[in-house]
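Labels below follow one simple rule: chain letters A, B, ... track the order of the sequence lines, proteins then strands, and each chain is numbered from 1. Model, not experiment: these values are computed from the prediction.
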Amino acid sequence: EAQVTQNPRYLITVTGKKLTVTCSQNMNHEYMSWYRQDPGLGLRQIYYSMNVEVTDKGDVPEGYKVSRKEKRNFPLILESPSPNQTSLYFCASNLLNSNTEAFFGQGTRLTVV
Amino acid sequence: DAKTTQPTSMDCAEGRAANLPCNHSTISGNEYVYWYRQIHSQGPQYIIHGLKNNETNEMASLIITEDRKSSTLILPHATLRDTAVYYCIVRVVGSGNTGKLIFGQGTTLQVKP
């Protein structure tokens, strides 16, 4: 089954404690991205990757890092989380140069206290 | 900024057709119209997409006007499980495709018994 898998689904952490949210897809998609969703602000792109070892900033990259060492994985790293990073996060993947759809993970609800 | 305009909310009676409009008056020739929905806080789910012809799949129909400046998503027999936020998105396919999806605020569809 085609899917994007995020872990964990829920996470409560303290300010400053490094954390990683994992994302994996099984569709051999070149493009992967991370979004955050906040009330009244909708879904905003944090970072994206167009292929292995190719990453770039989205609209709200501050405070986040990503890596793309393998095609299937695209982890989101918060080196020093702060309360304003409390949000609902989604990973997505899709083929480039194709009109096929993007697939989204089920989301990670992060609370930073 | 989102390149589409949708009504903030709509109601629909269970079993009736739900018609969700979307305005994309600045759409370019190489941009497709995509529809996704988000049920509660789950990951966005792909529904349908089209370029200029009307499209139908097992979930919905998509009607695109001849000038491509607007479209309508039709859920032929809405059920309570169709209650969700529906997003209309335009995306470049082919050369110039960045893979990015720009989400607006969407239409909150409430299906009522």
Side-chain angles (χ1 to χ4, degrees), chain A residues 2-7 9-10 21 23 25 27 29-51 54-61 68 74 87-111, chain B residues 1-6 8-9 27-53 55 57-60 62 64 68 71 73 84-108:
Chain A
Q3 59 184 4
V4 176
T5 304
Q6 292 178 230
N7 279 296
R9 293 288 311 279
Y10 302 91
V21 184
C23 174
Q25 51 95 1
M27 296 163 281
H29 287 166
E30 305 98 333
Y31 189 92
M32 297 185 73
S33 59
W34 278 100
Y35 294 82
R36 62 178 288 174
Q37 186 172 29
D38 303 288
L41 297 176
L43 282 139
R44 296 177 293 168
Q45 191 182 57
I46 303 170
Y47 265 96
Y48 65 94
S49 169
M50 300 182 85
N51 217 324
V54 180
T55 63
D56 211 342
K57 297 177 180 178
D59 298 317
V60 286
R68 189 89 181 274
F74 190 47
S87 188
L88 180 58
Y89 292 87
F90 293 103
C91 179
S93 75
N94 56 273
L95 285 171
L96 285 174
N97 300 314
S98 167
N99 65 2
T100 55
E101 71 270 29
F103 290 78
F104 285 80
Q106 282 302 96
T108 296
R109 187 168 291 281
L110 172 65
T111 302
Chain B
D1 292 334
K3 297 172 67 175
T4 62
T5 305
Q6 301 176 249
T8 302
S9 63
I27 194 169
S28 302
N30 62 349
E31 288 183 313
Y32 280 68
V33 180
Y34 289 77
W35 283 83
Y36 288 79
R37 72 180 182 184
Q38 187 176 23
I39 297 173
H40 193 47
S41 295
Q42 297 177 22
Q45 175 192 23
Y46 165 80
I47 302 172
I48 199 167
H49 72 279
L51 181 61
K52 50 186 174 182
N53 297 323
E55 302 287 345
N57 63 20
E58 65 278 5
M59 290 182 67
L62 174 60
I64 302 174
R68 300 187 70 234
S71 60
L73 177 74
V85 179
Y86 287 77
Y87 297 99
C88 170
I89 299 167
V90 294
R91 179 166 84 93
V92 172
V93 176
S95 177
N97 173 20
T98 65
K100 181 179 180 179
L101 297 175
I102 301 176
F103 288 84
Q105 295 303 311
T107 296
T108 299

Please state whether the side chain, the backbone, both or neither of [X] comes within less than 4.5 Å of a heavy atom of chain B.
{"X": "A:Leu88", "value": "side chain"}
{"X": "A:Thr100", "value": "backbone"}
{"X": "A:Arg109", "value": "side chain"}
{"X": "A:Gln106", "value": "both"}
{"X": "A:Gln37", "value": "side chain"}

Quick one: closest heavy-atom pair of [X] and [Y], and the distance?
{"X": "B:Gln105", "Y": "A:Leu41", "answer": "NE2-C, 4.0 Å"}
{"X": "B:Leu101", "Y": "A:Tyr35", "answer": "N-OH, 3.2 Å"}
{"X": "B:Tyr34", "Y": "A:Glu101", "answer": "CE2-CA, 4.5 Å"}
{"X": "A:Ala102", "Y": "B:Tyr36", "answer": "N-OH, 2.9 Å"}

### Query
In terms of heavy-atom proximity below 4.5 Å to chain A, should B:Gln45 be classed as side chain, backbone, both, or neither?
neither

### Message
A side-chain contact here means heavy atoms from C-beta on lying under 4.5 Å apart; do B:Lys100 and A:Tyr31 qualify?
### Response
yes

